[in-house]
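Here is the structure we will look at, set down as structure tokens.
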Amino acid sequence: MKKTKIDEVIMLVTKYYKAISIVLIVLMLPLIYLIVYKTGGIKYVYSHSMYIPILLAGIVIGPKFGVFIALSAGILLGPLMPIDTVTNEPQVFVNWMYRLIIFVIIGFTSGDAFYRIKLSRKRIDELMSHNQETHIPNTNYLKRIPHILNDKEYTLMTVLINNHNNIIDVLGTDVYHTLLNQIYIELSEHLLDRSLVIQSDSNKLWIMKPFLDLTNDAKYILSLLNKQWVVENIPLYVDFSIGATHISHSRDLMKLSTFEYSDNAARYAQLNNISYMIHDDNKLKKKSDYSLLATFKHALEENQTFLVYQPKIDLNTMKPSGLEALIRWHHPEKGLIMPDSFIPLVEETKLIHLLTDWVLKNALEKIKAFHKQGIEVAISINVSAKNLYDPFFFERVMKTINNSGVSKKLIRFEITESVLMINPEESKLVLEKLVEKGISIELDDFGSGYSSLAYLTQFPISTIKIDRLFMQEILTNSQVRQIVKSAIHLSRDLGYKVVAEGVEQAEVVGVLKDFGCDYAQGYFFARPMSSEEITEWYTKALK
Ligand code: C2E
Ligand code: CA
Ligand code: CA
């Protein structure tokens with residue numbers, strides 16, 4: 001929006017409003033004096049016009065100015081004004097004195113009454129625009145922004161207090177509110193004049209400061225926040241997450257939607273356990289992704305998620321030999337959601353731990369259910385990088401499996417090679433611990449990465465699963481066929497079992513058998529099936 005001439009005039013008038021009012025009011029005095037004089041003197045009605053500047057002076061400027069204008073008016077229409085300008089007869093002293101007193105009373109009372117009204121309006125404004133517990137400006141305060149901030153570019157930051165529930169639980173709300181107020185004071189003292197700090201939620205502050213550089217702005221705020229907070233002599237550990245975004249005009253700060261970007265970035269930082277995140281359209285997920293993530297924990301708790309099972313077939317006997325558990329999400333509004341649409345999102349957050357725990361528990365239940373029917377079935381579950389590098393993963397998994405009473409031989413972990421490559425040393429340590437306890441590790445999606453089989457020998461893997469992309473071309477592309485053949489031969493030489501994924505045609509089965517592949521999995525044999533379906537399918541297939 002471009003500024004017009006009218007806008008500029010309005011801005012100037014607003015800025016010099018008081019000075020202009022004083023000049024106008026003062027100019028009215030001689031003007032009214034002239035009117036009264038020219039119309040024949042004080043005996044006519046025009047002297048009453050003097051109430052206008054007196055009232056205005058009191059209302060617009062205040063009681064003192066009201067009294068000053070009243071006195072000036074009283075004198076102008078008093079000894080300086082005759083009763084009749086033709087005869088030039090002066091007024092009786094009591095008359096003009098009485099008028100002067102009335103003028104003063106009006107000037108003072110109008111000024112005083114308006115002063116009181118203004119004062120209580122200010123108080124109401126203050127109450128409305130500040131959080132009552134913490135005394136920090138709230139979102140109503142944003143309406144004042146055009147008057148306070150006038151820099152062009154702004155950095156907008158959302159500060160989340162991640163452990164606020166903890167602080168409240170342990171130390172109570174009073175301590176928490178005092179802490180927030182301390183944080184507010186610390187921030188306000190260090191920020192430039194044209195900055196603003198607002199409390200937009202019980203655990204959320206918004207900071208607006210003139211834009212320098214997003215990363216440095218976020219780091220600066222972090223440096224202010226990362227100190228030892230002490231409330232009522234209690235040292236507090238406070239965990240913050242910051243999201244930062246840039247806006248090109250302070251006017252945009254009036255729109256609450258502007259804050260969605262920094263809110264989302266802060267939420268992202270919080271979920272990913274990082275201290276700050278700069279809003280980036282490409283990297284940050286869409287709002288719908290956030291809402292999906294937000295409901296995921298609930299989905300797990302309410303069992304909106306469920307497992308389907310896809311069998312692996314032993315190519316020597318053509319009988320099933322184990323299952324792979326694959327997660328699905330039956331969303332109450334969106335319907336069935338496939339794992340590719342939510343696993344990558346969940347994997348970016350700590351929720352992946354809950355997901356894998358949930359899958360493991362359910363897979364163990366399924367093994368037990370088969371066991372009750374007299375069938376021993378091994379189930380593989382997919383494990384993410386975040387799981388493997390979680391320091392508590394191993395203990396948690398062992399506890400769950402031990403509590404279930406299921407034999408460790410029957411649970412297997414599928415891990416992709418890219419996961420191992422993030423941190424080969426650590427992966428190796430965790431995998432060795434698992435294998436030592438009797439859990440087999442299968443290398444998923446082999447061939448989709450770049451690592452060689454020779455390199456992979458350092459990891460305690462029992463099985464290699466050849467990526468399903470190879471099966472799509474194995475019949476038509478002789479090079480692909482050659483690669484699969486070599487991979488199978490080499491794997492077998494190295495002592496690994498080999499599974500081919502994504503087998504959809506009978507011809508592919510033939511080729512794989514020729515190459516000496518041990519197992520296969522794919523739509524040709526069976527699609528992933530529900531818990532009930534798989535029980536029936538598996539029992540029949542074994543016969
Ligand atoms: P994945 O581990 O490679 O799983 C195999 C995928 O291939 C499954 O897709 C399966 O339905 C599909 N598939 C099986 N046979 C065929 C076939 O013959 N042709 C084709 N074109 N596809 C076939 P799904 O169930 O959609 O899972 C996709 C990916 O999501 C999985 O790939 C896995 O990486 C991930 N995922 C699924 N469940 C879980 C889980 O519980 N935890 C984790 N961390 N990841 C999971
Ligand atoms: Ca898999
Ligand atoms: Ca796979």
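Each ligand, and each atom within it, is numbered from 1 in the order the structure gives. What you are looking at is a predicted structure, and each value in this text was computed from that prediction instead of being measured.
- Inspection of the Asn166 and Asn163 side chains reveals no N or O donor paired with an N or O acceptor under 3.5 Å.
- A donor-acceptor pair is defined here as one N or O able to donate and one able to accept, closer than 3.5 Å; no such pair exists between the side chain of Ser341 and the backbone of Ile337.
- Cation-pi check for Lys227 over Trp229 is met; the charged atom lies under 6.0 angstrom from the ring centroid and within 45 degrees of its normal.
- A distance-only check finds a donor-acceptor pair linking the side chain of Asn181 to the backbone of Thr134 [under 3.5 Å].
- When atom types are taken as modelled, the side chain of Tyr538 and the backbone of Gly322 share a donor-acceptor pair closer than 3.5 angstrom.
- Protein N/O/S atoms closer than 3.0 Å to the Ca ion (ligand 2): Glu324 OE2, Asn382 OD1, Glu414 OE1, Asp444 OD2.
- Between the side chains of Ser262 and Thr158, at least one donor-acceptor pair of N or O atoms lies under 3.5 Å.
- Looking only at distances, a side-chain donor or acceptor of Lys319 sits under 3.5 Å from a matching main-chain atom of Lys543.
- Taking the six-membered ring where the residue is Trp, His331 and Trp329 present tilted rings, their angle falling between 30° and 60°.
- For ligand 1, the 4.0 Å heavy-atom shell takes in Gln310, Glu324, Leu326, Ile327, Arg328, Met338, Pro339, Asp340, Ile343, Leu355, Val359, Asn382, Ser384, Asp444, Asp445, Arg468, Glu501, Gly502, Val503, Glu504, Gly522, Tyr523, Pro528, ordered by chain and residue number.
- Between the side chain of Arg328 and the backbone N or O of Phe306 there is no donor-acceptor pair closer than 3.5 Å.
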